[in-house]
Visitor: 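Handing you a structure now.
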Amino acid sequence: GSPADAVYEFNLSTAWDVSTASYLQNEEIGGTGRETRPNGIFFKPDGTKFYIVGHQTDVVEEYDLSTAWNITTSTYNQNFSVATQDGFPNRFIF
């Protein structure tokens, strides 16, 4: 989340019940020329990719996960600018 520049992972002991959440880990994202104020995240249904969007650079960034759903195995892949469509992107979905 913004301004922490990280994706946080939580375990749910009961599926879809946020009252059972416990913090697991986080992964720092961002970097030179990359998003430093992430606001939205979307995971590919198989857990092998995630995408973030934010309002610092106005791009959608793609990350690969070498182990599905494990954010600490993420590597930055590429990005796509949405600046001409939205100067303050917050959320998105595929």
Side-chain angles (χ1 to χ4, degrees):
S2 178
D5 303 339
V7 175
Y8 294 86
E9 183 175 354
F10 295 83
N11 279 332
L12 300 176
S13 58
T14 302
W16 304 105
D17 183 350
V18 296
S19 70
T20 67
S22 62
Y23 171 77
L24 180 62
Q25 59 193 352
N26 69 42
E27 180 68 13
E28 298 295 321
I29 58 170
T32 305
R34 300 211 334 253
E35 185 57 58
T36 58
R37 297 192 60 117
N39 290 310
I41 188 168
F42 179 83
F43 276 84
K44 186 177 173 185
D46 67 3
T48 61
K49 290 184 182 283
F50 72 87
Y51 306 83
I52 62 163
V53 67
H55 58 84
Q56 185 70 33
T57 60
D58 303 332
V59 299
V60 175
E61 293 184 346
E62 178 184 80
Y63 292 79
D64 294 319
L65 296 167
S66 59
T67 301
W69 304 108
N70 185 336
I71 62 170
T72 63
T73 67
S74 67
T75 55
Y76 173 78
N77 189 355
Q78 60 186 336
N79 70 50
F80 176 77
S81 176
V82 294
T84 58
Q85 291 81 22
D86 190 345
F88 196 78
N90 286 300
R91 307 286 183 269
F92 67 103
I93 191 165
F94 288 108

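Note that these values count all heavy atoms, side chains included, but never hydrogens, waters or copies made by symmetry. Numbers here are sequence positions counted from 1.
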Visitor: Show me the pairs that pass salt bridge (charged side-chain N to carboxylate O under 4.0 Å, His left out) and involve residues 12-25, at least two apart or across chains.
Guide: none
Visitor: Under 30°, 30 to 60°, or over 60°: which ring-plane class applies to Y51 and F42, parallel, tilted or perpendicular?
Guide: tilted
Visitor: Would you indicate whether the side-chain heavy atoms of E62 and V60 approach each other to under 4.5 Å?
Guide: no
Visitor: Got a donor-acceptor contact below 3.5 angstrom from the T20 side chain to the T14 backbone?
Guide: yes
Visitor: Honestly curious: do W69 and V7 fall in one hydrophobic cluster under the side-chain, below-4.5 Å linking rule?
Guide: yes
Visitor: How long is the span from the CD1 atom in I52 to the OG1 atom in T57, to the nearest 0.5 Å?
Guide: 7.5 Å
Visitor: Quick one: closest heavy-atom pair of L12 and V18, and the distance?
Guide: CD2-CA, 4.0 Å
Visitor: Taking all heavy atoms of A68 and all of D46, pick out the closest pair and write down the distance.
Guide: CB-O, 3.5 Å
Visitor: So, for Q25 and I71, which heavy atoms are closest and what is the spacing to 0.1 Å?
Guide: O-CD1, 4.0 Å
Visitor: Calculate, to the nearest 0.5 Å, the distance between atoms CD and OG belonging to E9 and S22 respectively.
Guide: 10.0 Å
Visitor: Of the non-hydrogen atoms in Y8 and Y23, which two are nearest, and what is the gap between them?
Guide: CD2-CE1, 3.8 Å
Visitor: Please examine the side chains of Y63 and L65, heavy atoms only from C-beta on, and report whether any two atoms are closer than 4.5 Å.
Guide: no
